[in-house]
Amino acid sequence: MEYGIIVPIINEYIISTSAPEAYMGYCVSIYYVSSLVVSILFGRIVDKTQSLKLTYFISVSCAFIGYYIFTFYRTTTGIIVARAISGLK
């Protein structure tokens, strides 16, 4: 979903909020930074619990919440928060 829906429209979406062009880099990079941090945490959780169900549920829930925020909150802060939450998957 990330590369098919969000990446092609994120530039126009950010321009529609009249944000500076630097926000494009912030919005793209925050997704990958949060994914990096959380993947280490999720790896430890899976190692301790020996179950993928909890981490899978958390990651799908975070993706849903992040995409919801991205869709309905049209502010620069909302976009960055949504991208950070979506990266928690």
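Sequential numbering from 1 along the given sequence is applied to the chain's residues.
- Put simply, the side chain of Tyr13 gets close to the backbone of Phe70: a donor and an acceptor are under 3.5 Å apart.
- Both Val38 and Ile58 belong to a common hydrophobic cluster when Ile, Leu, Val, Met, Phe, Trp and Tyr are linked at side-chain heavy-atom distances under 4.5 angstrom.
- Between the side chain of Thr55 and the backbone N or O of Phe42 there is no donor-acceptor pair closer than 3.5 Å.
- Not one N or O on the side chain of Arg83 forms a donor-acceptor pair closer than 3.5 Å with the backbone of Ile30.
- Hydrophobic cluster membership differs between Leu54 and Ile65, with clusters built from Ile, Leu, Val, Met, Phe, Trp and Tyr side chains linked at under 4.5 angstrom.
- Residues Phe64 and Tyr56 do not share a hydrophobic cluster, defined by chaining ILVMFWY side chains whose heavy atoms lie under 4.5 Å apart.
- The aromatic rings of Tyr23 and Tyr26 sit perpendicular, their planes meeting at an angle over 60°, well past the 30° parallel limit.
- Residues Val37 and Val81 do not share a hydrophobic cluster, defined by chaining ILVMFWY side chains whose heavy atoms lie under 4.5 Å apart.
- With hydrophobic clusters built from ILVMFWY side chains whose heavy atoms lie under 4.5 angstrom apart, Tyr68 does not share a cluster with Val60.
- Counting heavy atoms from C-beta outward, Ile45 and Leu41 have side chains that approach closer than 4.5 Å.
- Looking only at side-chain heavy atoms (C-beta outward), Ile14 and Cys27 come within less than 4.5 Å of each other.
- Other cluster members for Val46: Leu52, joined by side-chain heavy-atom distances under 4.5 Å among Ile, Leu, Val, Met, Phe, Trp and Tyr.
- Put simply, the side chain of Thr17 reaches to within 4.5 Å of the side chain of Ile79, judged on heavy atoms.
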